[in-house]
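Report on the structure given below.
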2 protein chains.
Amino acid sequence: MSTASDISTAETTESRIWGAAAKLFYDKGYHATTMRDIASEVGIKAGSLYNHFPGKQDILLRISLQTTRELHEGAVARLDGITDIEEAIRAFLQWHVEFHAKNKLASRVADGQLPALSEENRLAVLEMRDAHEQLFRDLLRRGAAELGWTVADERVISFGILTMCTEVDAWFRDDGPLTAEAIGDMYADFVLRGLRGDSS
Amino acid sequence: MSTASDISTAETTESRIWGAAAKLFYDKGYHATTMRDIASEVGIKAGSLYNHFPGKQDILLRISLQTTRELHEGAVARLDGITDIEEAIRAFLQWHVEFHAKNKLASRVADGQLPALSEENRLAVLEMRDAHEQLFRDLLRRGAAELGWTVADERVISFGILTMCTEVDAWFRDDGPLTAEAIGDMYADFVLRGLRGDSS
DNA sequence: GTCTATAGATGGATAGAC
DNA sequence: GTCTATCCATCTATAGAC
């Protein structure tokens with residue numbers, strides 16, 4: 001079984017290419033990364049990459065699609081059985097932050113390199129990402145309905161919250177002072193206070 | 001005098017190149033944009049671009065540096081004379097949101113295309129961006145000191161807040177239902193509630 | 001599966017006429 | 001300032017030997 005945390009620890013040549021590409025796309029972007037760069041990172045020659053992937057575009061697609069799917073499916077799984085709405089939002093945000101921290105390379109590539117995907121490929125990734133965002137907007141709506149929150153604009157606020165949590169993939173460091181879980185707690189606390197809107 | 005809103009309305013060939021490049025870098029990214037693309041958008045040939053800029057890298061540098069400088073200097077100007085800390089934070093965030101909404105092309109290029117800048121050029125832009133972020137962290141610290149806010153981690157929270165407001169440049173539309181000012185209000189309200197932390 | 005070699009296309013930048 | 005023409009480097013992808 002492949003889980004999110006496997007992403008950087010697998011062992012086949014295909015998965016080593018996957019990981020090398022994710023790292024390079026993260027650092028330099030898709031167009032600035034060459035097939036020679038990727039091959040070099042893996043320790044093979046550029047031509048050999050084509051024994052594992054049909055082309056460069058396909059490497060990006062697989063990284064983006066797989067990562068976005070794992071993000072979304074993981075969120076759905078985390079919410080299973082949770083009925084309290086604040087608890088659900090907390091669980092969602094913690095998962096979202098932890099995933100982006102622990103899979104920072106692939107996660108940031110998955111949405112930062114969207115313009116580098118072909119139209120068809122981009123739509124496939126966006127469809128999955130939209131489902132994930134919709135899941136969160138539904139939670140926001142439930143909170144407003146059940147707890148009387150006044151969310152100024154559901155779309156604007158949800159974009160803001162998700163972006164804040166997503167961006168962790170830009171600065172998180174495994175060897176930093178904070179764990180992914182601790183950061184998830186901080187953001188969940190901050191967001192829930194903002195949503196409750198006790199004063200204004 | 002050049003203000004932020006002039007960015008897309010100037011008339012010299014140089015400024016038309018500036019605007020065309022910002023649009024293309026925004027849509028496709030620096031490396032996916034060719035000098036021929038930029039020239040075509042302006043209505044000239046690629047070779048003619050070199051009468052106005054020494055090269056492609058320099059076009060990106062000027063967009064990034066000028067935009068980041070205007071963002072920062074505008075914030076400093078907005079804060080002038082404001083002593084109340086909540087009012088100051090509100091003013092800062094409103095400016096930050098409005099700037100990114102009204103200069104969405106150049107703003108997004110300025111920090112999304114940082115990896116495409118040479119080491120030296122990137123450091124110049126980052127220095128200015130860091131000054132801007134530091135300004136906000138100082139406000140956060142003042143709020144914590146003066147009003148007893150409990151900010152879990154100043155750096156993590158400030159990154160989150162700024163990212164939320166910056167990302168407006170990814171989805172704002174001039175012809176959308178919300179003005180930049182309205183969005184700035186929403187985020188400032190949300191953030192200040194989260195900072196006050198009335199309940200937890 | 002790996003490699004070397006290369007085809008074929010494209011892009012940044014320059015030269016020089018106007 | 002504009003243009004056309006082109007150099008030269010580089011990149012993706014393929015061919016074919018091992």
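All of these numbers come straight from a predicted model, not from anything done at the bench. Reminder, nothing fancy here: chain letters follow the sequence lines and each chain counts from 1.
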Would you mind reading off the distance between [X] atom [atom1] and [N] atom [atom2], rounded to a whole angstrom?
X: Lys56(B); N: dT10(C); atom1: NZ; atom2: P; result: 15 Å
X: Asp37(B); N: dT10(C); atom1: CG; atom2: P; result: 12 Å
X: Tyr50(A); N: dT12(D); atom1: OH; atom2: P; result: 6 Å
X: Met35(B); N: dG12(C); atom1: CE; atom2: P; result: 7 Å
X: Ile17(B); N: dG1(D); atom1: CD1; atom2: C1'; result: 11 Å
X: Glu11(A); N: dG1(C); atom1: CD; atom2: P; result: 17 Å
X: Leu49(B); N: dA15(C); atom1: CG; atom2: C1'; result: 16 Å
X: Ile44(B); N: dG1(D); atom1: CD1; atom2: P; result: 10 Å

What distance separates Arg108(B) CZ from Tyr26(B) OH, expressed to the nearest 0.5 Å? 6.0 Å
Taking the minimum atom-to-atom distance to the side chain of His52(A), which one of dA13(D), dG1(C), dG12(C) wins? dG1(C)
Can you tell which of dA13(C), dA13(D), dC3(D) lies closest to the side chain of Ser48(B)? dC3(D)
Does a salt bridge link Asp174(B) with Lys102(B), judged by any charged N lying under 4.0 Å from a carboxylate O? no
Taking 4.0 angstrom as the limit, do Arg62(A) and Asp58(A) come out as a salt bridge? yes
Which is true for Lys45(B) with a 4.0 Å heavy-atom rule: it touches a base, it touches only sugar-phosphate, or it touches nothing? base
Would you indicate what Thr34(B) reaches in the nucleic acid, counting non-hydrogen atoms under 4.0 angstrom: base, sugar-phosphate, or nothing? sugar-phosphate
Distances for protein N or O near nucleotides 6-8 of chain D N or O, under 3.5 Å:
none

Parallel, tilted or perpendicular: which one describes the rings of His132(A) and His72(A), with boundaries at 30° and 60°? perpendicular
Where does the angle between the aromatic ring planes of His96(B) and Phe92(B) fall among parallel (under 30°), tilted (30 to 60°) and perpendicular (over 60°)? parallel
Pair Arg69(B)-Gln66(B), side-chain donor/acceptor within less than 3.5 Å: no
Heavy-atom closest pair, residues Gln57(B) and Ala116(B): NE2-O, 3.2 Å
5'-most contact on DNA chain C: Ala46(A) or Pro54(B), nearest heavy atom basis? Ala46(A)
